[in-house]
Every structure is written in structure tokens, then in C-alpha cells.
Amino acid sequence: KDPANLRVRWKYHCETGEPLFDCFDPVIDLSPGARALANDPRLRAVLEDLHGDRVHLFKDSVTYKLGGAFGEPPHWNFFAWSGFPRSFTTAVIAIDGASAENGCIEVFPGAHAQGGLAEHGGILDALPDEVLGGVAPVALDLAPGDVAFFGAFMPHRSDTNRTDSSRRHLFFSYNADRDGGEQRAPYYEAFDRFRRAAYGMQVRREPYFR
């Protein structure tokens, strides 16, 4: 849990400003349990039914969202990198229950039909209000073990965790076979270059991956 480690990310406490550990990305090489879930045939069956095609794991992470941690503004998961799969679909598995009190994910159904973020050059900027067009958010109130699915263009957000407990979720994202096939390794190579540039402005030591 080192700020210079490209695998980890941090948030800040909403009242004290204290740095809070938030995420391992990727995670399946650290956790056999996470790896087994990412490859679970029941999970893949749902994704393959959605896409009408075989799917490949593209990205994996676990977020902790500790008590007091800020949430995320509305954004899409689509990066405007050349070749980024438009079929990118995320399965969110709740380890802890999610509610309004601990900052559950909220999605904006229908707003996903507006397309991608090509003009943003690969950066996940917060979405302006006009993109959401007054669409009412739907809270993903998840019990432990529940799974929710949404695509790369589905706007979503989360609020601050106002409790004293974590709101841990696993995030597994997949792409359809016809949409580039196996891409996890090249994605993380590109993502690490992106993070090295970003982290270089935040930490005094050379970023590394472990």
C-alpha cells in the first residue's frame, strides 16, 4: 500500500483529508479467490448471453471505499484509446452491502445511448450535467454476493461513504471476442504508462508496479 505502487489508488477522508487506501488494480494475480470468481462459468454465462459471443477478462480490481471516503462524480468507463473495446462490460460483485449511507453506485439508465468520449483523449473526466439530460439515477442497493452489470457507456457515480465501515466491491470487466479478443495484457501495459505519467506529478519517487 505504497503511493508509488501503480497497482494501488487512494481517496481522501471527507472531513479530515486523511489519505485512505482504496483500490488494488489489478487484483486476480494477488487473490486466487478473485481469480476464480472472474472465471466463474455462471458469471461468464450471463456476459456471453448479453453479448451473444465468448468474452475475455479485460480489467479487474477491488475497491475498499473505507468509512469517510469521498465518492466519484458521474463518468463513463470508456477510455478513448485506439482499439478500446466498445463491448466493455463490468460485473460488480458486492463483498459488503451497498446503500445510500455508504456510497452505493448510482447508474443513469438511458444516458448510455449518447455514445463515447473520443474527444476526451483517454481521460475519464467527470461528465457535465448536460450529458445526463435530467436522467434520474438508479441506486444499486446490493447485498453481499449480489452482482450488477453495466456497459462502458453507462454513466455512473457514487456518494461519500458516511459510515464507519468499508463498502468493498470487486470489479471485473470483459469484452466480446469479436471486439478484439484477448486484450488484458496490452491494456494494462497502456494503463501503466498512463498511470506513470499521472503519478509522476503526485509522488516524489519513481513509480513502480508490484
Side-chain angles (χ1 to χ4, degrees), residues 23-29 31-63 72 74-95 98 104-125 127 131-133 135-158 168-192 194:
C23 179
F24 286 121
D25 181 2
V27 68
I28 64 167
D29 58 317
S31 167
R35 184 166 59 252
L37 281 172
N39 292 302
D40 192 293
R42 295 167 296 176
L43 193 65
R44 287 179 172 268
V46 174
L47 291 154
E48 290 174 356
D49 183 59
L50 287 170
H51 288 296
D53 197 2
R54 290 191 304 131
V55 295
H56 301 272
L57 182 66
F58 189 93
K59 176 179 173 62
D60 50 277
S61 63
V62 59
T63 61
E72 296 284 349
H75 63 281
W76 274 307
N77 282 347
F78 184 80
F79 278 91
W81 290 338
S82 176
F84 193 90
R86 298 178 70 86
S87 62
F88 183 98
T89 302
T90 298
V92 183
I93 302 177
I95 300 172
C104 67
I105 298 169
E106 296 178 342
V107 297
F108 294 82
H112 68 285
Q114 299 186 46
L117 287 171
E119 70 277 15
H120 286 231
I123 299 174
L124 285 181
D125 293 331
L127 295 174
V131 171
L132 299 177
V135 178
V138 174
L140 301 183
D141 293 315
L142 305 178
D146 282 351
V147 186
F149 299 86
F150 55 86
F153 301 113
M154 175 60 74
H156 55 286
R157 65 172 298 277
S158 64
R168 295 167 298 170
H169 285 357
L170 285 161
F171 290 81
F172 299 138
S173 300
Y174 304 79
N175 65 280
D177 184 63
R178 62 178 176 274
D179 195 11
E182 176 61 52
Q183 300 179 73
R184 185 175 180 274
Y187 163 74
Y188 273 108
E189 290 174 4
F191 194 35
D192 283 355
F194 173 79

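Model, not experiment: these values are computed from the prediction.
For the pair E48/D177, no side-chain contact is recorded, criterion being any heavy-atom separation below 4.5 Å from C-beta on. D25 places a side-chain heavy atom less than 4.5 Å from the side chain of K59. Side-chain contact between L43 and L37: absent, with no pair of heavy atoms (C-beta onward) separated by less than 4.5 Å. When side chains are defined from C-beta on, L57 counts as touching I28, because their heavy atoms get closer than 4.5 Å. In this structure, the side chains of R157 and H75 stay at 4.5 Å or more apart for every pair of heavy atoms. Taking the side chain as every heavy atom from C-beta outward, I105 and H169 approach each other to under 4.5 Å. With contacts defined as side-chain heavy-atom distances shorter than 4.5 Å, the pair P85/H56 does not qualify.
Under the 30°/60° scheme for interplanar angles, the aromatic rings of F84 and Y187 are found to stand perpendicular.
With values rounded to the nearest 0.5 angstrom, H112 atom NE2 is found 14.5 Å from F78 atom CZ. Note that CZ of R44 is 15.0 Å distant from CG of D49, once rounded to the nearest 0.5 Å. Atoms CG and OG1, from D179 and T89 in turn, are 9.5 Å apart once rounded to the nearest 0.5 Å. Distance check: Y188 OH to F194 CZ gives 13.5 Å after rounding to the nearest 0.5 Å.
Applying the side-chain contact (heavy atoms from CB on, under 4.5 Å) test between Y174 and each of T90, L47, D60 identifies L47 as the sole match.
Closest approach of F108 and V135 over heavy atoms only: CD2-O, 3.4 Å. Taking both residues in full, the closest heavy atoms of S61 and C23 are given as CB-SG, 4.0 Å, listed atom of the first, atom of the second, then distance. When all heavy atoms are compared, the tightest approach of F172 to A38 is CE1-N, 3.6 Å. In terms of heavy atoms, A98 sits closest to C104 at CB-CB, 3.8 Å. When every heavy atom of L170 is checked against every heavy atom of A34, the shortest pair comes out as CD2-CB, 4.2 Å. A pairwise comparison of heavy atoms in P144 and I95 identifies CB-O, 3.4 Å as the closest pair.
No donor-acceptor pair closer than 3.5 Å links the side chain of N77 to the backbone N or O of G151. Judged by distance alone, with hydrogens and angles left aside, the side-chain atoms of S158 form a donor-acceptor pair with the main-chain N or O of E72 at under 3.5 Å.
A 6.0 Å sphere centred on CZ of R54 holds no more than 12 heavy atoms belonging to other residues, nucleotides or ligands.
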